[in-house]
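First up is the structure itself, then whatever we jot down about it.
Each chain gets a letter, A, B and so on, in the order its sequence line appears, and its residues count up from 1.
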2 protein chains.
Amino acid sequence: MANCDSVAARTRARLLQLERRSLLDELMSKGVRLTAQRRILVEIIQNASNHLDVAALLKEAQTRESSIDRATVYRTIDLLKRLRLIDELDLMHLNGEKHYYEVKTRRDHLHLACFECGRIEEFATPLFEELKAEISRRSGFQIQVARLEVGGRCRSCRTAAASHEDRKEEPVLRNKTASA
Amino acid sequence: MANCDSVAARTRARLLQLERRSLLDELMSKGVRLTAQRRILVEIIQNASNHLDVAALLKEAQTRESSIDRATVYRTIDLLKRLRLIDELDLMHLNGEKHYYEVKTRRDHLHLACFECGRIEEFATPLFEELKAEISRRSGFQIQVARLEVGGRCRSCRTAAASHEDRKEEPVLRNKTASA
DNA sequence: CTGATTGCAAAGAATTTGCACTGCT
DNA sequence: AGCAGTGCAAATTCTTTGCAATCAG
């Protein structure tokens, strides 16, 4: 499974031309202390095929080193965030308030979260880079992190809904308990 | 202060040409039950000059109706979110993990959060709309919510830093406790 | 009237922290 | 050796929920 994940991750990266760099190399070049725990966590994040939340990251890490603690995961994530090596996402809160993490890529990309099927699509376009450039130019803001998350209905859910189009307007009025 | 807020809010909306609509009217037109609590909360959100978090919203609401509860605030926010009348932001977690809310505008705008001074700038550009159009066109995704948040250094912090440019590379290595 | 909405209190989820101990360099 | 990093357990912060009472339509 680690292998599959790794392959999937590379495929994903290639398709999007995302040009990730090695987290470990980055850490070393910045003089960060490389503990066993950090190596493990960083390796998992680097090779993950999905966006990882803390629970998933912790669980996977514990299969390799059972003593690893939640706190270490949070602290490592915090370190990587501050070094701007990973991005933090919430994927439109499709599954609660937790956060997800992924290796930062040279060209930012964005995430499309389908409210119906829950799938996450990634999307990259030069327009995003242009937009960031315009922001900097017009507002004088120096961009360090840019996060664009989109929620809606993916193509397949849309066509699926169109086929039996007896659907009325979405019934969003009920309380959360009812909508769950 | 309610007056000032209202004026500020209108000014902000005008500057960005954001064309907000009345939340109350929207709710009525959708047949939503209008309780006293909802009127109050909706009015506060509508006229707020800043982005409100739940605590601020609750506190303000309680000045008008002291019995209003946290739970009602969360439930009302949830309702407004599902009706897509408000947007949820986290403003790059500059102040913890809480969320902020604002009335949804016809043309989406984005938020620039300065990591140094903590100020939030709003920014609107046709490029954002173009970007969304391109996403829909190329991926077939039907966009219902789009949230772009940017973190970095605002113009004034940048020029302030430039003036006494003895600064080294940002010292991001230390632990959270140290960075706070 | 009657079901949707509320307040209350308690639970739950996500994240952070203090402290003694461990392990890089 | 010395201090950054870790594990543990408790604390904090933010959000949700079950239930009896209340209110809008």
Between A:Q144 and B:R153, a side-chain donor and acceptor under 3.5 Å: no
Side chains of B:H111 and B:E149, donor plus acceptor under 3.5 Å: no
DNA chain C: 5'-proximal contact among B:R70 and A:R39 (nearest heavy atom):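 Checking each residue's closest nucleotide, the 5'-ward one belongs to B:R70.
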Set of residues satisfying side chain to side chain donor-acceptor pair (under 3.5 Å) with respect to A:S67, sequence neighbours excluded: A:E65
Sequence-distant partners of B:R137, side chain to side chain donor-acceptor pair (under 3.5 Å), two or more places apart: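 None.
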Least distance between heavy atoms, B:M92 atom then B:F115 atom: CB-CE2, 4.1 Å
Just to confirm, is there a sub-4.0 Å distance from OP1 or OP2 of [N] to any side-chain nitrogen or oxygen of [X]?
X: B:R75; N: D:dT16; result: no
X: B:Y74; N: D:dT16; result: no
X: A:H93; N: D:dT15; result: no
X: A:H99; N: C:dT15; result: yes
X: B:Q37; N: D:dA24; result: no
X: A:T35; N: C:dC24; result: no

Which nucleotide in C:dG7, D:dC8, C:dT5 has an atom nearest any side-chain atom of B:R38: C:dT5
Rounded distance (Å) that lies between atom [atom2] of [N] and atom [atom1] of [X]:
X: B:D90; N: D:dT13; atom1: CG; atom2: P; answer: 19 Å
X: A:I40; N: D:dG7; atom1: CD1; atom2: P; answer: 9 Å
X: B:I68; N: C:dG7; atom1: CD1; atom2: C1'; answer: 11 Å
X: A:N95; N: D:dT15; atom1: CG; atom2: C1'; answer: 16 Å
X: B:K98; N: C:dT15; atom1: NZ; atom2: C1'; answer: 14 Å
X: A:L89; N: C:dA14; atom1: CG; atom2: P; answer: 16 Å
X: A:D69; N: C:dA20; atom1: CG; atom2: P; answer: 17 Å

DNA chain D: 5'-proximal contact among B:L34 and A:E65 (nearest heavy atom):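 The 5'-side residue here is A:E65.
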Any donor-acceptor N/O pair, B:E121 side chain to B:A113 backbone, under 3.5 Å: no
Base of C:dA4 paired with side chain of B:R33 (donor-acceptor, under 3.5 Å):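 When only heavy-atom distances are counted, B:R33 does not reach the base of C:dA4 through any donor-acceptor pair under 3.5 Å.
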Pair A:H93 + B:H99: ring centers closer than 6.0 Å: yes
Helical bend (five base pairs per end, nearest 10°) for the helix from C:dC1-D:dG25 to C:dT25-D:dA1: 40°
